[in-house]
Amino acid sequence: MTHGKLAHRISAVRAVKWDIFCSVVDNFGDIGVTWRLAKQLVAEHNGVVRLWVDDVSAFARICPAADANADCQVQQGVAVHAWHEQWLDTDPADVVVEGFACHLPEAYIAAMAARERKPLWLNLEYLSAEEWVAGCHGLPSMQSNGLQKYFFFPGFSKDTGGLLREAALITERQAFQAAPAARPAFLRGLGVEPVAGARLISLFAYENPALSSWLEALAVNRQATQLLVPEGRILADVQAWVGGEQLRAGDCRVHGQLQINVLPFIEQSQYDRLLWSCDFNAVRGEDSFLRAQWAGRPMLWHIYSQEEGAHLDKLEAFLKRYIDGLSAPASEALLSLWRDWNSAQSVSKSWSLWLENAEELTVHAEKWCLEQASHTDLAAALVQFQQNWI
Ligand code: TRH
C-alpha cells in the first residue's frame with residue numbers, strides 16, 4: 001500500500017470530529033433534532049461531537065439531566081456548549097453541521113477557511129416531503145471565501161438524506177408494544193393510572209381552535225378516551241374547554257367519556273415511550289411528528305405554520321405520500337381530519353369518519369413506519385456523505 005493510501009485509510013478510521021450548531025428559533029424542534037443527531041453520531045458512529053446551542057435552557061427542558069447555566073457539559077457523550085454571541089476562537093471540526101440555516105460565527109467560518117484540510121460544511125435543512133427536496137439534496141453552494149457548503153435534506157424517499165432513526169429504535173419500540181405490562185408500568189411511572197378499556201391518546205400541538213370540537217366528540221363517544229396532555233402551548237385551549245381553571249401537571253379532569261391527564265414535559269426518550277404507549281398521537285412541528293411515525297401508531301399532525309401558507313404545501317406533500325395504499329374511505333377520513341385540524345375547522349365530522357376507518361388506519365401506520373425504516377437513516381447517510389466526500 002502506498003504511503004498516501006495508508007494515510008487515507010488511517011484518517012478514515014480515526015474518529016471524525018463534528019460541530020453541530022443549533023440556534024433555537026422557538027419551541028423545541030431545532031434543539032430536539034440536533035440533539036438526537038449529536039447523540040446518534042456518538043453512540044453509533046464513534047463521532048466526537050460538540051453541539052453548540054444558543055439557548056441551553058431549551059436543551060435542559062428535553063434533557064433534564066443538563067445544567068441550563070453550564071457553558072460546557074458532557075451529556076450522553078456529547079459536549080454541549082453554550083453558543084454565545086461573543087465567539088471565542090475554536091478549532092473547527094472535520095464536519096460542520098449548521099442546523100436549519102443558522103448563521104455560523106464569522107470567526108468560525110474564517111477558521112474553517114484557514115484550515116489546511118478544509119472541513120465538510122453542511123446545512124441540515126428542515127424536513128419536508130415535497131418532491132423538489134430530492135433534486136436539491138446534496139447540492140453544493142460555493143461560498144465567497146472559497147469554501148463549499150452542501151445542502152443536506154432529510155426526506156421520505158431514498159434519494160434524500162433520510163430520517164433520523166436510531167439503529168435499535170424499531171426493535172425496542174416493537175418489544176415495548178408487545179409486552180402487556182410495559183404500557184401500564186410506564187404510565188404509572190408518570191403518575192397516571194390507566195383507564196381500563198379506554199382509547200389512549202397523547203396531545204402535543206400548537207394553540208388550535210379546533211380542539212374544543214375534538215374534545216366534545218371524545219366526551220360523547222361510545223368508547224372512553226384517556227387523553228394525555230404534556231404541559232405546553234395547547235394546554236390553554238384544554239383549560240378553556242374544561243371551564244377556565246388553571247391546569248397543571250398531575251391534574252385530572254373527567255367530562256363524560258373523556259378523562260384528561262395533564263403530564264409534565266418529559267425527557268425526550270420518555271416522550272418516545274409515551275408515543276409508543278398511545279393508540280393515537282397528536283403531534284406537531286418536526287421531531288415529534290417523526291417520532292410518532294416511528295411509534296407505528298396512527299397520528300394527527302399539527303404542522304408548524306409558515307408565512308403565506310407555505311406549510312400547507314408541505315402538509316399536502318406528506319399526505320400524498322402517506323395515503324398511498326389506503327382504501328378510498330380511509331384516505332378520505334385521514335385527509336379530512338388532518339386538513340380540518342390544520343385549518344382550525346371543527347373536527348367533529350372528520351373524527352367520526354376517522355373512527356369508522358380506525359382499524360385500517362392503525363394497520364397502515366405500522367406499514368408506513370416499516371417502509372420508512374427500510375431506508376438509510378439520516379445519521380448514517382451523513383456519515384456516508386462525509387466518507388464519499390473525503
Ligand atoms: O417544539 P416544536 O413545535 O418545534 C418546532 C418545529 O421543529 C418546527 O419545524 C420548527 O420550525 C420550530 O420548532 C422552530 O415541535 P417538535 O419539532 O415536535 O419538537 C418538540 C421536541 O420536544 C421533540 O424533540 C420532542 C420533545 N418533547 C420532549 O422531549 N418532551 C415532551 O414532553 C414533549 C411533549 C416533547
Side-chain angles (χ1 to χ4, degrees), residues 20-40 51 53-55 57-66 68 75-76 98-102 123-130 133 153-155 163-166 169 186-187 189-192 201-208 227-235 238 248-250 261-278 281-295 299-307 310-315 317-318 341-342 378:
I20 302 177
F21 286 83
C22 172
S23 168
V24 177
V25 178
D26 60 3
N27 305 317
F28 302 100
D30 307 291
I31 186 61
V33 169
T34 47
W35 168 231
R36 271 192 211 287
L37 172 63
K39 282 187 287 187
Q40 201 184 344
L51 173 60
V53 54
D54 65 356
D55 180 358
S57 64
F59 170 63
R61 290 293 304 283
I62 58 170
C63 176
Q75 294 293 341
Q76 302 186 38
E98 58 179 42
F100 316 116
C102 64
N123 176 31
L124 176 63
E125 296 282 348
Y126 283 114
L127 173 61
S128 170
E130 290 161 297
V133 161
F153 279 88
L163 300 168
L164 270 178
R165 171 178 46 79
E166 299 78 13
L169 180 69
F186 171 73
L187 294 177
L190 294 178
V192 171
I201 299 183
S202 76
L203 171 61
F204 182 48
Y206 306 111
E207 298 78 5
N208 193 338
L227 183 72
L228 307 178
V229 192
E231 281 181 317
R233 290 174 58 175
I234 191 81
L235 196 58
V238 177
R248 287 195 188 81
N261 289 92
V262 182
L263 305 183
F265 196 87
I266 49 183
E267 196 263 325
Q268 208 183 31
S269 62
Q270 293 291 89
Y271 180 63
D272 272 341
R273 275 156 188 78
L274 179 69
L275 297 172
W276 302 351
S277 297
C278 289
N281 293 300
V283 287
R284 73 184 202 192
E286 174 159 333
D287 191 53
S288 58
F289 163 59
L290 180 56
R291 303 311 279 192
Q293 292 169 61
W294 296 141
M299 59 176 189
L300 172 59
W301 183 26
H302 201 189
I303 192 167
Y304 184 82
S305 177
Q306 286 178 292
E307 276 169 25
H311 59 289
L312 296 175
D313 292 339
K314 290 186 179 175
L315 177 72
F318 179 77
W341 186 241
N342 281 286
L378 187 137

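Along the sequence shown, the residues carry numbers beginning at 1. Remember, predicted model here, so these are calculated numbers, not experimental data. Just so you know, ligand 1 is whichever comes first in the structure, and atom 1 is the first atom listed for that ligand.
Among protein heavy atoms, the minimum distance from atom 26 (C) of ligand 1 is reached at Ile62 CG2, 3.9 Å. Closest to atom 14 (C) of ligand 1, if we only count protein heavy atoms, is Asp26 OD1, 2.8 Å. Closest to atom 30 (N) of ligand 1, if we only count protein heavy atoms, is Ile266 O, 2.5 Å. Atom 5 (C) of ligand 1 has Tyr206 OH, 3.7 Å as its closest protein atom, hydrogens excluded (heavy atom only). The nearest heavy-atom contact from the protein to atom 10 (C) of ligand 1 is Tyr126 CE2, 3.9 Å. Of all protein heavy atoms, the one lying nearest to atom 33 (C) of ligand 1 is Phe265 CE1, 3.4 Å. In this structure, atom 15 (O) of ligand 1 lies nearest to the protein heavy atom Arg284 NE, 3.5 Å. The protein heavy-atom contact nearest to atom 22 (O) of ligand 1 is Phe28 CB, 3.5 Å.
Looking only at distances, no side-chain donor or acceptor of Gln268 sits under 3.5 Å from a matching main-chain atom of Cys63. Under the 3.5 Å distance criterion, the side-chain polar atoms of Trp294 are matched with a main-chain donor or acceptor of Leu164. Side chain of Trp276 to backbone of Tyr271: no donor-acceptor contact under 3.5 angstrom is found. Looking only at distances, no side-chain donor or acceptor of Glu286 sits under 3.5 Å from a matching main-chain atom of Gly29. Remark: the backbone N or O of Ile303 is paired with a side-chain donor or acceptor of Asn342 at under 3.5 angstrom.
The side-chain tip of Arg61 points at the ring of Phe265 from less than 6.0 angstrom away and within 45° of straight on.
Checked for salt-bridge contact, Arg291 and Glu166 meet the test: a charged N lies under 4.0 Å from a carboxylate O.
For the pair Tyr271 and ligand 1, the shortest N or O to N or O distance does not fall below 3.5 Å. At least one N/O-N/O distance between Asp287 and ligand 1 falls below 3.5 Å. At least one N/O-N/O distance between Glu286 and ligand 1 falls below 3.5 Å. The shortest N or O to N or O distance between Ser288 and ligand 1 is under 3.5 Å.
Per-residue contacts place Gly32 under 4.0 angstrom from the following atoms of ligand 1 (heavy atoms of the residue considered): 24 (O).
Closest to atom 4 (O) of ligand 1 by heavy atom, among Ser128, Gly285, Ser269, Gly29, is Gly29.
Judged as a salt bridge (Lys or Arg N to Asp or Glu O under 4.0 Å), the pairs with a partner in residues 27-36 (not counting sequence neighbours) are, in order, Arg36-Asp272, Arg36-Asp287.
Between Tyr126 and Tyr304, the distance from one ring center to the other does not fall under 6.0 angstrom.
Listed here is the closest heavy atom pair of Gln270 and Phe186: O-CZ, 3.3 Å.
Within the 4.0 Å heavy-atom criterion, the part of Tyr304 lying near ligand 1 is the side chain and not the backbone.
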